[in-house]
Protein chains: 2
Amino acid sequence: MRLTRAGEYGVRCILYLAACPRGAVVKKKEVALNMEIPDQFLSKIAQQLAVAGIVEIIQGSKGGLRLARDAKDVSLLDVVEAITGEIFLNDCVSDPNSCRNQPTCSVHRVWSKARMQLRETLGLATFAGLVEEGHCLQKKDDRA
Amino acid sequence: MRLTRAGEYGVRCILYLAACPRGAVVKKKEVALNMEIPDQFLSKIAQQLAVAGIVEIIQGSKGGLRLARDAKDVSLLDVVEAITGEIFLNDCVSDPNSCRNQPTCSVHRVWSKARMQLRETLGLATFAGLVEEGHCLQKKDDRA
DNA sequence: GATAAATAAGATGCTTTTTGTCTTATATCC
DNA sequence: GGATATAAGACAAAAAGCATCTTATTTATC
């Protein structure tokens, strides 16, 4: 019941990009270095974020990463789910076969509620907000 | 970000016990059979539940499992955490070293909130309530 | 006390997921 | 065409999850 390391890296990546000047292309290596993400692993993560429409990957010698949309339109939920898939908490909710009688199952209902709350809380946290409030892996040369 | 199978089994086990007459000793095999839990695996799970003070394990020829406290005093949270350990959602919260500046970290705060909500929701769901409302792995011979 | 019926406890093994790395290919700028 | 990026697929080590096997221990009953 934990966020995977890949998920955490994804969050760090977007956190970094969101703190950069808007629209700037940032080298993958720079992100990896500053946010303490294994360089090659970040490639995989970035690709997932690109598929989800969160970042844009620019190839070539001046290539790198760029937010595909404004930081205020990217939530923690977006990033986490882009990496780890949709959050479900328990199988009962995601796999109909594992629960014989879903809508009337009391246990099921509790998990469903918990899931909704979790997704809502993560969904309300935008990266614009997160950057503004400050975080613990702040860029070293950040002088906002 | 999912409940493990062991956690699910733990919930099923308590669900079954909570539906039995109060104070009754139920054979492990009966629980395993009715709730579709691998028999030996249930032993391990029951032991964890016993350590947590949720069930009492009675040895010997008339042995089995029994709730150690009233079903209304056992929550989904109790059972899940007895099996999988305390819920944290992300490492940032549980491992101080992974987050340099916890209290002022915006990301950290969101996860903390999400964690609190999740634990509260699961904590409010008692097994007395869950049994009363009905669930999807109802005992076959249940005629309440 | 012996026997039967239960659980305990430790070792072991298989599978899946996670977390990467290595290598080769491809794209872009100059 | 060379330099500098990322892409993509294969591969592999480590950890977690999910059990099972075996041997021991406990308790009720005869």
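Any value given below was found using the heavy atoms of this structure, including those in side chains, with hydrogens, waters and symmetry copies removed. Computed from a prediction, not measured in an experiment: that's the story for all the values here.
Judged as a side chain to side chain donor-acceptor pair (under 3.5 Å), the pairs with a partner in residues 38-59 of chain A (not counting sequence neighbours) are, in order, A:K28-A:S43, A:E56-A:R66. Residue pairs meeting the side chain to side chain donor-acceptor pair (under 3.5 Å) criterion with at least one member in residues 68-79 of chain B, sequence neighbours excluded: B:R22-B:D70, B:R69-B:D78, B:S75-B:D78.
The bend of the helix from C:dG1-D:dC30 to C:dC30-D:dG1, defined by the angle between the axes of its first five and last five pairs, stands at 10° to the nearest 10°.
What separates CD of B:E30 from P of C:dT7 is a distance of 11 Å, to the nearest Å. C:dA9 atom C1' lies 11 Å from atom CD1 of B:I57, rounded to whole Å. The interatomic distance linking A:Q40 (CD) with D:dA7 (P) rounds to 11 Å, in whole Å.
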So which protein nitrogen or oxygen atoms get under 3.5 Å of nucleotides 28-30 of chain D's nitrogens or oxygens?
| residue | atom | partner | partner atom | Å |
| --- | --- | --- | --- | --- |
| D:dA28 | O4' | B:S61 | OG | 2.7 |

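A:E120 is linked by a salt bridge (Lys or Arg N to Asp or Glu O under 4.0 Å) to nothing, counting only residues two or more places apart in sequence or in another chain. Residues satisfying the side-chain contact (heavy atoms from CB on, under 4.5 Å) criterion with B:A24, sequence neighbours excluded, are B:P21. With sequence neighbours left out, A:K27 forms a side-chain contact (heavy atoms from CB on, under 4.5 Å) with A:E30. Partners of B:F127 under the ring-ring contact (aromatic ring centres under 6.0 Å, His included) rule, at least two apart in sequence or in another chain, do not exist in this structure. Shown here are the salt bridge (Lys or Arg N to Asp or Glu O under 4.0 Å) partners of A:R5, two or more places apart in sequence or in another chain: there are none. Scored by the side-chain contact (heavy atoms from CB on, under 4.5 Å) test, A:E132 finds no partners at all (sequence neighbours excluded).
A close approach under 4.0 Å does not occur between any side-chain nitrogen or oxygen of A:Q47 and OP1 or OP2 of D:dT6.
A salt bridge between A:E86 and A:R115 is present, with a side-chain N of the basic residue lying under 4.0 Å from a carboxylate O of the acidic one.
Screening B:I14, B:L42, B:I37 for a side-chain contact (heavy atoms from CB on, under 4.5 Å) involving B:Y9 leaves a single residue, B:I37.
Positionally, the nearest nucleotide of DNA chain C for B:G64 lies more toward the 5' end than for the other of B:G64 and A:D39.
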(request) For nucleotides 11-20 of chain C, just jot down a letter per nucleotide in 5' to 3' order: B, S or -, based on protein non-hydrogen atoms under 4.0 Å. (result) -------SSS
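Residue A:M116 shares its hydrophobic cluster (ILVMFWY side chains chained together at separations under 4.5 Å) with no other residue.
If you check every strand for non-hydrogen atoms under 4.0 Å, B:L65 touches nothing.
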